[in-house]
Amino acid sequence: MKNYLKPFLEAAVRAIGVEDVPEIALEIPRQAEHGDLSANVAMTLAKTLKKNPRQVAQDIVAALRLDATLVPKVEIAGAGFINVTFSPMFYAVQVAELLKQGQNIGRLEIGKGVKANVEYVSANPTGLLHVGHGRNAAIGDTIANILVWNGYDVTREYYFNNAGNQMNNLGKSVHKRYLELLNPSANPFPTAEEDDSLYRGEYIREIAAALQKQHGEALAEPTEKTLTLCRKTAEQWCFETIGKTMERMNIRHDEFFNEDSLYTDGKVKATVEDLRSRGVVYEKDGATWLALSKMGLTDDRVIIKSSGEPTYRLPDIAYHYDKLHNRKFDLVVDIFGADHIATIPDVMAAVATLGEDKSKVRVVIHQFVTLTKDGEAVKMSKRTGRAYTLDDLIEELGADVTRFFFVMRGVSTHLDFDLGLAEEQSEKNPVFYLQYAHARICSILRTAEERGVKVDAAADTALLVHSAEIELIKTLLRFPEVVAKAGETLEPQTIAEYLREAAAAFHKFYHECRILGEAEALMQARFALARTAQIVMKNGLTILGITAPEQM
RNA sequence: GCACCCGUAGCUCAACUGGAUAGAGCAUCUGACUACGAAUCAGAAGGCUAGGGGUUCGAAUCCCUUCGGGUGCACCA
């Protein structure tokens with residue numbers, strides 16, 4: 001719709017003597033009386049032209065060369081809006097075009113040839129995924145899908161760290177639980193007060209039990225060898241478990257990037273030297289500092305501790321540099337929880353100092369998740385070891401509902417995950433509203449087949465003139481625009497919101513217009529419309545990583 | 001104390017990124033199954049967009065400020 005009108009307006013603006021034609025913003029007015037599309041160019045141009053906006057609008061409209069059978073009405077309203085109304089014929093043509101694309105409605109080529117990397121989840125293999133990881137996973141995977149539909153060449157990446165102290169603590173935790181199994185009365189597992197570095201989740205016991213089963217009492221001595229075995233076993237267990245959880249959410253990463261490789265490849269070292277040669281690294285108090293104050297930020301930060309260990313900032317910088325410079329990604333998307341917010345400016349500044357274009361990096365920050373049920377908060381604390389895990393959530397709700405609830409709100413809002421509503425297997429649950437629309441269309445087509453009614457591909461869409469039909473067409477035509485928009489803003493929630501509207505438009509159409517039993521030509525036209533809606537619903541749900549059931 | 005996010009209907013959130021009379025779902029109240037699935041549809045009611053200033057043709061949206069909620073501010077990741 002917008003794409004159809006834009007060139008005409010641009011031509012008209014040029015025709016009235018404006019050389020530098022601005023980006024023409026078109027929007028769908030809230031009020032139906034304001035037409036189907038509204039342009040505000042006249043108002044934005046008024047200032048530079050030093051003319052009354054209404055006068056500018058009149059000039060533009062006078063210069064417009066539109067096909068009156070497709071665009072019967074162009075009005076000037078308010079302060080200088082140009083309101084355009086399309087004819088049913090226009091919609092008939094457009095929907096026929098859409099239908100020609102078959103299953104590919106919404107597949108765009110905006111990002112063709114652009115290498116994109118989306119990094120998400122990225123939990124270290126020290127435990128189970130919790131609810132917060134779930135939001136990260138759902139957002140990240142949906143954004144990856146959105147980019148794929150926009151035509152980008154997408155790599156889904158998981159960044160993890162299986163080195164360092166956290167892993168030793170993990171191994172130690174498993175070993176202590178193992179000793180506990182051998183001799184419970186000795187109480188070998190310290191309390192949280194005695195040692196807060198240990199992992200206390202139930203899963204540690206599981207791993208310990210598996211070790212006991214396999215090795216009996218052979219690992220009782222805490223030698224380096226046994227601790228390494230504990231650590232390795234635990235790491236592998238965690239990774240497998242995380243992988244299973246991801247699989248349940250219909251998520252598969254292409255690349256698992258090990259932080260450790262940045263050290264073994266010498267990339268961390270090279271990054272430090274590179275930064276040093278640019279004069280932004282110095283030594284103080286035995287540590288190595290990054291002079292962020294020279295990059296427009298306020299505080300300098302340590303990148304290598306006096307102990308010789310790097311802080312997390314350093315590998316982060318090396319990692320981003322690697323993605324941009326060595327792996328040559330044109331677009332790097334990071335999905336982070338709100339707790340990472342502080343490090344981003346540092347990493348960006350450093351990457352820019354290293355000569356990379358930091359505008360290629362897009363950071364999506366999502367706020368935290370609170371679980372509520374019947375108005376009360378549900379605990380998901382990690383400390384107690386009895387966290388409400390992502391697996392629990394999927395177990396209880398299924399993958400579709402879980403994913404939908406994570407992306408149906410804007411990423412920057414604190415997500416209130418209403419377990420009561422999510423559990424509801426009824427009309428209250430917004431997921432089913434979308435899925436039902438799809439299932440309903442499938443059902444109509446099934447019924448047609450049962451009754452021996454043929455669905456003809458060559459329908460005359462010009463017969464679709466009912467207001468509910470036009471509304472549905474308008475909504476369906478927006479789908480590619482919505483996908484494109486989501487690709488720019490990286491906001492998954494816009495897809496969810498759109499699908500709700502599309503489902504509503506279909507349900508309304510269904511109630512007001514019969515399909516089966518109508519005169520042949522009209523029936524075929526409505527079949528065509530229903531099938532278009534079916535494809536849009538299916539593709540939209542696919543982007544969200546949710547199934548489009550044929551019956552429910 | 002400093003930085004970032006948020007504050008919109010009773011509740012959970014939208015608002016096409018500065019547009020015209022701020023919209024949905026849930027909850028409340030009315031209606032609609034003898035034809036394709038009522039997990040649906042139609043309607044009612046619900047608002048000084050936290051408060052106060054500003055910017056302009058025009059502000060929920062941008063700027064300043066106050067108040068509330070969240071998160072982060074280590075030689076932890």
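By convention in this document, chain letters (A, B, ...) are assigned in the order of the sequence lines, proteins followed by strands, and residues within each chain are numbered from 1. In this text the structure is predicted, and so the values were computed from the model without any measurement. FYI, side chains are in, hydrogens and waters are out, and symmetry mates aren't considered; it's all heavy atoms of this structure.
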Checking all strands, does [X] fall into the base, sugar-phosphate, or nothing category for heavy-atom contacts under 4.0 angstrom?
X: A:Thr311; result: sugar-phosphate
X: A:Gln31; result: base
X: A:Gly286; result: nothing
X: A:Cys442; result: nothing

Is the distance from OP1 or OP2 of [N] to the nearest side-chain N or O of [X] less than 4.0 Å?
X: A:Tyr433; N: B:rC41; answer: yes
X: A:Arg514; N: B:rA35; answer: no
X: A:Tyr312; N: B:rA74; answer: no
X: A:Lys284; N: B:rC75; answer: no
X: A:Arg440; N: B:rA38; answer: yes
X: A:Ser443; N: B:rC36; answer: no
X: A:Lys508; N: B:rU40; answer: no

Closest contact, heavy atoms only, A:Asn150 versus A:Ala484: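 Distance-wise, the nearest heavy atoms are OD1-CA, 3.5 Å.
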Which nucleotide sits closest to the side chain of [X]: [options]?
X: A:Tyr510; options: B:rC6, B:rG37, B:rU21; value: B:rG37
X: A:Gln551; options: B:rC75, B:rG37, B:rC13; value: B:rG37
X: A:Met552; options: B:rC41, B:rA39, B:rC36; value: B:rA39
X: A:Ala439; options: B:rG37, B:rU21, B:rU40; value: B:rG37

Ring-base stacking, A:His511 with B:rA42 (5.5 Å, 30° cut-offs):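 It does not: the ring fails the test against the base of B:rA42.
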B:rU17, syn or anti by chi within 90 degrees of zero: syn
Distance-only side-chain donor-acceptor flag, [X] / [Y], under 3.5 Å:
X: A:Tyr91; Y: A:Asp36; answer: yes
X: A:Tyr282; Y: A:Asp300; answer: yes
X: A:Asp456; Y: A:Gln524; answer: no

Audit row: A:Ile317, A:Val347, side-chain contact (heavy atoms from CB on, under 4.5 Å) steps and yes/no: CA-CA 5 Å; A:Ile317 293 167; A:Val347 172; 4.3 Å; yes
